[in-house]
Undergrad: 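My questions will all concern the structure given below.
Just so it is clear, the values below take in all heavy atoms, side chains as well, and ignore hydrogens, waters and symmetry mates.
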Amino acid sequence: MAGFVFAHAQDGTKKFTTIGAVTGYGPTFSDNTDYTVYFFAGDYSMSFSKPKKRDFLAWYAEPQVNPVESTGKNPDWEFGLNLGLRNYIRINDGFYLYQQLGSGPHFISARLERQARGFIFSDNLIFGGMVRLKNSNFLNLQFGIRHISNANLKLPNRGVNSYVIRLGWSRVKYR
């Protein structure tokens, strides 16, 4: 089965698709802000065309529901959807590197000195890699940075900057 699934990578007859999930955390590096997000996200991507070269472009979607540690006494949450572009580089059929850039609407419940509670945007720059475990299952590792703010819709709006460290599972298919 694995040979069948990965044979399409070389002839470029089908689109490259991934589906999976990632989890991890994002400690802030914003001044005087206590905000750590724990990611629980789905992860879906599909190439725009049939990969004919070593590198190819895809779109991605990441729905998220994330608990947050902040200065508040109550547990805080954020949830939303990130959308963007992901550029894959196929090293071989069992190892891919990628970078992704995206943004998406979110809601945060935390009350922070530098960022208003409520509707925000989550902007992300991520670098990742996928290593085949068995058949079409891959280990997915991501590092990056993230900025959340609300585009000056409500004050304060100085934003919160975080590192992103995530680990997950992805299933690769050619459709």
Side-chain angles (χ1 to χ4, degrees), residues 15-48 56-88 96-130 137-173 175:
K15 289 185 178 182
F16 179 89
T17 304
T18 67
I19 187 165
V22 291
T23 187
Y25 81 110
T28 186
F29 59 91
S30 296
D31 294 336
N32 303 319
T33 302
D34 183 15
Y35 192 87
T36 301
V37 60
Y38 296 92
F39 296 103
F40 291 94
D43 184 58
Y44 181 83
S45 74
M46 180 184 285
S47 62
F48 285 105
F56 53 95
L57 190 61
W59 62 271
Y60 78 91
E62 287 184 347
Q64 301 177 13
V65 177
N66 306 321
V68 172
E69 279 183 20
S70 67
T71 55
K73 294 177 185 168
N74 296 325
D76 286 308
W77 292 88
E78 63 175 55
F79 59 88
L81 175 66
N82 282 349
L83 301 168
L85 298 175
R86 186 178 284 170
N87 184 59
Y88 286 98
Y96 292 82
L97 296 175
Y98 63 86
Q99 59 271 345
Q100 70 184 41
L101 180 64
S103 186
H106 279 59
F107 178 90
I108 62 171
S109 66
R111 297 186 188 279
L112 304 170
E113 184 178 313
R114 66 182 294 124
Q115 183 59 56
R117 178 180 186 261
F119 178 76
I120 57 147
F121 292 97
S122 173
D123 305 318
N124 304 269
L125 174 62
I126 305 290
F127 298 94
M130 296 187 337
N137 294 298
F138 283 73
L139 179 68
N140 190 349
L141 184 60
Q142 301 177 341
F143 299 98
I145 56 173
R146 178 177 93 135
H147 171 79
I148 59 172
S149 64
N150 65 25
N152 273 338
L153 297 174
K154 189 175 179 183
L155 296 177
N157 186 46
R158 293 188 359 227
V160 176
N161 301 310
S162 300
Y163 297 107
V164 174
I165 303 164
R166 300 191 294 198
L167 179 67
W169 163 84
S170 294
R171 184 167 182 92
V172 172
K173 291 187 176 196
R175 297 177 189 234

Undergrad: Does the pair Lys154 and Phe119 meet the rule for a side chain to side chain contact (heavy atoms under 4.5 Å, CB included), with working shown?
TA: CA-CA 9 Å; Lys154 189 175 179 183; Phe119 178 76; over 6 Å; no

Undergrad: Report yes if the side chains of Asn82 and His106 come closer than 4.5 Å at any heavy-atom pair, otherwise no.
TA: yes

Undergrad: Answer yes or no: are there more than 12 heavy-atom neighbours, outside Tyr25 itself, under 6.0 Å from its atom OH?
TA: no

Undergrad: Are the side chains of Leu167 and Leu139 in touch, meaning some heavy atoms are under 4.5 Å apart?
TA: yes

Undergrad: Ring centroid separation for Phe143 and Phe127, is it under 6.0 angstrom?
TA: no

Undergrad: Run the side chain to side chain contact (heavy atoms under 4.5 Å, CB included) test on Gln142 and Ile165 for me, step by step, so that the C-alpha distance in whole Å, both residues' side-chain angles and the decisive distance to 0.1 Å come before the verdict.
TA: CA-CA 6 Å; Gln142 301 177 341; Ile165 303 164; over 6 Å; no

Undergrad: Would you say Asn32 and Glu113 make side-chain contact, with heavy atoms under 4.5 Å?
TA: no

Undergrad: Please name the residue in the list Ser45, Ser47, Ser170 that meets the side-chain hydrogen bond (donor to acceptor under 3.5 Å, both in side chains) test with Thr18.
TA: Ser45

Undergrad: Can you check salt bridge (charged side-chain N to carboxylate O under 4.0 Å, His left out) on Arg86 and Asp43, steps first, answer last?
TA: CA-CA 12 Å; Arg86 186 178 284 170; Asp43 184 58; 2.8 Å; yes

Undergrad: Can you see which heavy atom on Gly159 is nearest to which on His147, and at what distance?
TA: CA-CE1, 3.8 Å

Undergrad: With ring pair (Phe, Tyr, Trp, His ring centres under 6.0 Å) as the test, pick out the partner of Phe16 among Phe138, Phe48, Phe56.
TA: Phe56

Undergrad: Kindly compute the distance separating CZ (Arg171) from CG (Asn140), expressed to the nearest 0.5 Å.
TA: 15.0 Å

Undergrad: May I ask you to test the Val160-Arg114 pair for a side-chain heavy-atom distance under 4.5 Å?
TA: yes

Undergrad: Working to the nearest 0.5 angstrom, can you tell me the gap between Leu112 CG and Ile148 CD1?
TA: 7.0 Å

Undergrad: For residues Tyr38 and Asn66, determine if any side-chain heavy atom of one lies less than 4.5 Å from a side-chain heavy atom of the other.
TA: no

Undergrad: Looking at Asp123 and Phe121, would you say the former's side chain and the latter's main chain have a donor-acceptor pair under 3.5 Å?
TA: no

Undergrad: Working note: Ser70 + Asp34, criterion side chain to side chain contact (heavy atoms under 4.5 Å, CB included); need CA distance, chi angles, decisive distance, verdict.
TA: CA-CA 5 Å; Ser70 67; Asp34 183 15; 5.6 Å; no

Undergrad: Under a 4.5 Å cut-off applied to non-hydrogen side-chain atoms, are Pro67 and Phe40 in contact?
TA: yes

Undergrad: Can you confirm whether the side chains of Gln100 and Asn87 place a donor and an acceptor under 3.5 Å from each other?
TA: no

Undergrad: Is there side-chain contact between Thr71 and Tyr35, with at least one heavy-atom pair below 4.5 Å?
TA: no

Undergrad: Flag the pair Phe29 / Ile145 as yes when at least one side-chain heavy-atom distance between them is below 4.5 Å, and no otherwise.
TA: yes

Undergrad: Ion pair present between Glu78 and Arg146, side-chain N to carboxylate O less than 4.0 angstrom?
TA: yes

